[in-house]
Amino acid sequence: MPVQKSGSGIDSNVDPYRRLSASQVIAHNSCPRYWFYGWERRMKSPLPPQIIRGNAAESCICRILRDSPVLVERDADDQMKSPLDQNGAPRWDVEADWPAPGLQTLEKSSWPVSIDSLREWAHSRARIHFPGCWDEAVSNWLKNPNRKGSIEDADPEECYEMILQGIDFHLREVAECMESTPPELEEWRKGRSRPEWPSPDGFPRNWILPHPASQASGEEIHVVEAWEITRPWFVDPDAAAFTQTATHPEGWFQGEYDMVYRWGGRIRIIDLKASLGSSDRSHGYVDQLKMYAWLWYKTHRNQDLVKELEIWYLGAFEPKKVDLPSIEDMEKMDVVLHDLYSKIRRNRPSIEECPPKPSPLRRFLPGGVPVDDGQTRNPKSRCKRCDYAGICEGSGAESTTVRFEKIERFGHKWPITPIGEIKSRFRAIGQVSKLIPPKLNEDGSIDIRFTLVDGWDRAVVRSHRSGGPSNVTRSISEGTRIAVESAMPSLWKGQLNLDLDSQSSIKIADVSEESAIVEIETRLSVAGRVWSIDAFPDGHGVNRWSITLVDSSGSASAVAFRQFIPTLAPSISRGDVIAVLNGEVGEWGGRPQIKMGPGTRVVVIDE
């Protein structure tokens with residue numbers, strides 16, 4: 001099963017938003033500091049136009065594979081669109097919404113009868129699907145406020161040729177199937193071999209009728225049967241991102257396969273790359289596939305082994321075969337990866353724990369063929385092409401960071417808080433008032449709400465909307481004097497709120513302990529360089545302006561919603577130096593956040 005969520009053995013302490021992934025492992029192996037900036041600080045690298053090629057190629061290839069030569073004419077529009085649920089995942093169990101059962105089978109005289117005629121049909125389908133896939137990929141890139149480069153650098157003809165190459169790679173599977181006659185042929189002809197997670201083909205999960213392409217029992221396999229039987233599982237091109245993932249049974253690792261071939265009873269995992277395969281990334285792709293072989297093994301109770309691993313570099317002419325890890329290799333991998341997960345995802349490492357130690361760059365020929373003695377000798381070679389070189393002290397590059405102590409604007413001297421010194425969590429002590437009886441949830445978290453009273457000062461203490469604390473004293477009651485630890489402050493109509501999440505706790509305060517509510521600072525001013533524009537209102541689903549700011553001490557996000565989005569927002573670009581004055585301190589996803597609201601001002605600073 002290529003899609004698997006975490007099972008009954010899941011560790012309740014695993015944060016689903018902090019799982020380990022193959023891309024993180026590759027990044028950490030390349031340079032721990034590179035991983036830290038990209039994943040712990042979540043500083044997004046700019047998206048080059050080459051991303052258009054990869055997204056369009058994968059989407060188009062998957063749409064062609066989803067089509068059937070006995071149901072879809074070569075020049076027909078896309079007729080196999082998958083029904084989706086509210087989360088964007090295919091509605092496999094709702095039979096009435098799937099398109100294939102309602103399509104009329106084409107006249108048999110129009111079916112392909114050979115690999116060559118099947119190729120003609122598939123290439124015709126590429127001509128139909130490609131314009132829409134390319135336009136969608138271009139539109140998504142243009143709407144991304146964090147893009148870089150020019151659309152002129154994205155070549156649609158190059159992408160189209162890569163798509164045809166990918167389809168021709170698949171037709172080799174079809175030809176091999178016809179030559180070998182797969183053992184599941186007769187069961188497939190009876191409609192009895194449909195897996196729990198079917199390959200996207202326009203039919204619902206539970207479909208027991210024979211496929212329209214099936215021939216009579218005992219007949220020689222037809223080329224259209226081979227197309228249907230060899231169809232790999234792939235990420236449904238209509239599905240939302242991250243709805244088709246596989247998760248380690250304990251919940252701490254997650255991945256998403258590009259394609260999984262299952263015909264003939266042999267599991268083969270394929271990774272699609274719309275490139276030549278001649279860059280340093282080819283080294284990481286090999287590690288990625290080995291991790292996917294391990295993930296398949298672990299998600300199938302250590303019993304089902306992957307038989308082959310391949311990388312399809314669509315700019316090359318031959319798939320690259322990757323050596324399979326042995327069972328012993330995978331058991332070692334399980335330990336090594338879990339140790340890495342514990343180090344960098346379960347815990348939150350400091351920047352000092354992720355030193356700038358880049359690995360050598362490696363050179364490859366087209367097709368991912370390694371060059372003899374292909375490692376660069378200069379240890380800083382990787383730094384020269386790193387997006388974070390200007391903020392990393394280990395790169396040897398000129399620093400691009402800024403730091404301010406004060407800024408004079410609007411007739412006032414604003415003290416500037418270094419981003420690395422932002423305090424987003426606080427401690428407060430007081431008496432419990434207006435306690436609503438706590439509620440214990442199935443995940444062990446507690447819904448709680450009361451007013452904390454400290455002399456004349458008040459704060460509403462409540463569970464955070466993403467989940468409350470689990471460490472709450474059983475002695476809490478009306479009038480008890482308690483200490484709230486690691487609470488996140490916010491203001492609403494002048495009222496101080498203290499939000500509690502899994503990192504927060506409530507305990508009985510000692511008589512000698514003091515931590516005044518009035519000392520909680522909710523306002524601050526920061527200045528830094530705009531690292532990325534993470535969100536911009538689009539009039540549809542996005543109603544916020546969000547950026548990442550960097551100064552010489554650290555990074556933080558800054559966000560404004562609706563009427564509080566500054567009028568300067570459309571003119572602010574990546575690399576600008578700005579100040580957010582009188583913002584509200586906050587936290588989101590483990591990193592500091594400055595929220596813009598009433599009284600907040602944003603100014604651009606000339607360097």
Side-chain angles (χ1 to χ4, degrees), residues 10-19 40 42 251 345-348 421-524 556-559 561 583-595 597:
I10 185 171
D11 186 338
S12 61
N13 293 318
V14 171
D15 182 343
Y17 298 103
R18 290 186 63 84
R19 288 178 172 134
E40 189 62 25
R42 288 187 291 169
R345 297 311 276 165
R346 168 166 279 181
N347 297 312
R348 294 182 181 271
E421 297 178 13
I422 294 175
K423 187 177 180 182
S424 60
R425 290 179 179 264
F426 292 84
R427 185 173 191 263
I429 293 178
Q431 289 184 318
V432 175
S433 176
K434 301 179 181 178
L435 175 66
I436 296 176
K439 176 186 175 184
L440 179 63
N441 299 312
E442 290 184 1
D443 62 0
S445 66
I446 297 171
D447 291 336
I448 193 166
R449 185 183 179 96
F450 59 89
T451 299
L452 189 67
V453 180
D454 179 24
W456 293 102
D457 299 309
R458 304 284 190 277
V460 173
V461 180
R462 62 190 185 183
S463 295
H464 193 272
R465 61 182 178 275
S466 63
S470 57
N471 188 3
V472 176
T473 176
R474 291 178 176 270
S475 300
I476 189 170
S477 61
E478 195 76 14
T480 55
R481 188 169 181 270
I482 54 98
V484 176
E485 308 278 359
S486 196
M488 295 176 286
S490 63
L491 289 173
W492 177 250
K493 295 182 178 180
Q495 171 66 60
L496 175 64
N497 298 310
L498 297 177
D499 293 328
L500 310 182
D501 65 359
S502 59
Q503 299 182 50
S504 311
S505 62
I506 300 174
K507 69 172 188 177
I508 298 297
D510 293 338
V511 176
S512 59
E513 287 185 292
E514 295 290 341
S515 194
I517 291 176
V518 72
E519 293 178 359
I520 295 176
E521 297 182 4
T522 60
R523 292 282 179 176
L524 81 171
S557 67
V559 64
F561 291 88
E584 181 184 334
V585 66
E587 180 182 307
W588 181 255
R591 71 169 176 166
Q593 183 182 75
I594 301 96
K595 293 178 280 189

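For this chain, numbers begin at 1 and follow the sequence in order.
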At their closest point, which heavy atom of [X] faces which heavy atom of [Y], and how far apart are they?
X      : Y      : value
Glu513 : Lys507 : OE2-NZ, 3.8 Å
Val14  : Gly251 : CG1-O, 3.2 Å
Tyr17  : Arg345 : O-NH2, 3.6 Å

Can you tell me how far [atom2] of [Y] sits from [atom1] of [X], rounded to the nearest 0.5 angstrom?
X      : Y      : atom1 : atom2 : value
Thr451 : Arg449 : OG1   : CZ    : 7.5 Å
Leu435 : Thr480 : CG    : OG1   : 7.5 Å
Ile520 : Met488 : CD1   : CE    : 12.5 Å
Asn471 : Gln503 : CG    : CD    : 12.5 Å

Would you please test Asp443 and Ser445 for side chain to side chain donor-acceptor pair (under 3.5 Å) and show each step?
-> CA-CA 6 Å; Asp443 62 0; Ser445 66; 2.6 Å; yes
Taking salt bridge (charged side-chain N to carboxylate O under 4.0 Å, His left out) as the definition, give me every residue that meets it alongside [X], ordered by chain and number, with sequence neighbours left out.
X      : value
Arg348 : Glu40
Arg462 : Asp499
Glu519 : none
Glu521 : none

Could you tell me which residues satisfy side chain to side chain contact (heavy atoms under 4.5 Å, CB included) with [X], sequence neighbours excluded, listed by chain and number?
X      : result
Lys423 : Phe426
Arg523 : Leu491, Asn582, Glu584, Thr600
Pro438 : Ile446, Ile448
Ser475 : Thr473, Ile508

Stepwise, does the side chain to side chain contact (heavy atoms under 4.5 Å, CB included) test hold for Phe450 with Ile476?
-> CA-CA 10 Å; Phe450 59 89; Ile476 189 170; 3.8 Å; yes
How would you list, by chain and number, every residue that makes a side chain to side chain donor-acceptor pair (under 3.5 Å) with [X], sequence neighbours excluded?
X      : answer
Ser490 : none
Ser557 : none
Asp454 : none
Ser424 : Glu587

From Arg425, Glu485, His464, residue fulfilling side chain to side chain contact (heavy atoms under 4.5 Å, CB included) relative to Ser504 =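 Result: among Arg425, Glu485, His464, Arg425 is the only option passing the side chain to side chain contact (heavy atoms under 4.5 Å, CB included) with Ser504.
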Of Leu498, Ile429, Leu452, which is the lone residue that meets side chain to side chain contact (heavy atoms under 4.5 Å, CB included) with Ile517?
-> Leu452
Whether Ser433 side chain and Val453 backbone form a donor-acceptor pair below 3.5 Å = no
Please check if the side chain of Arg346 supplies one atom and the backbone of Arg18 the other of a donor-acceptor pair under 3.5 Å.
->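 Not a single qualifying donor-acceptor pair exists.
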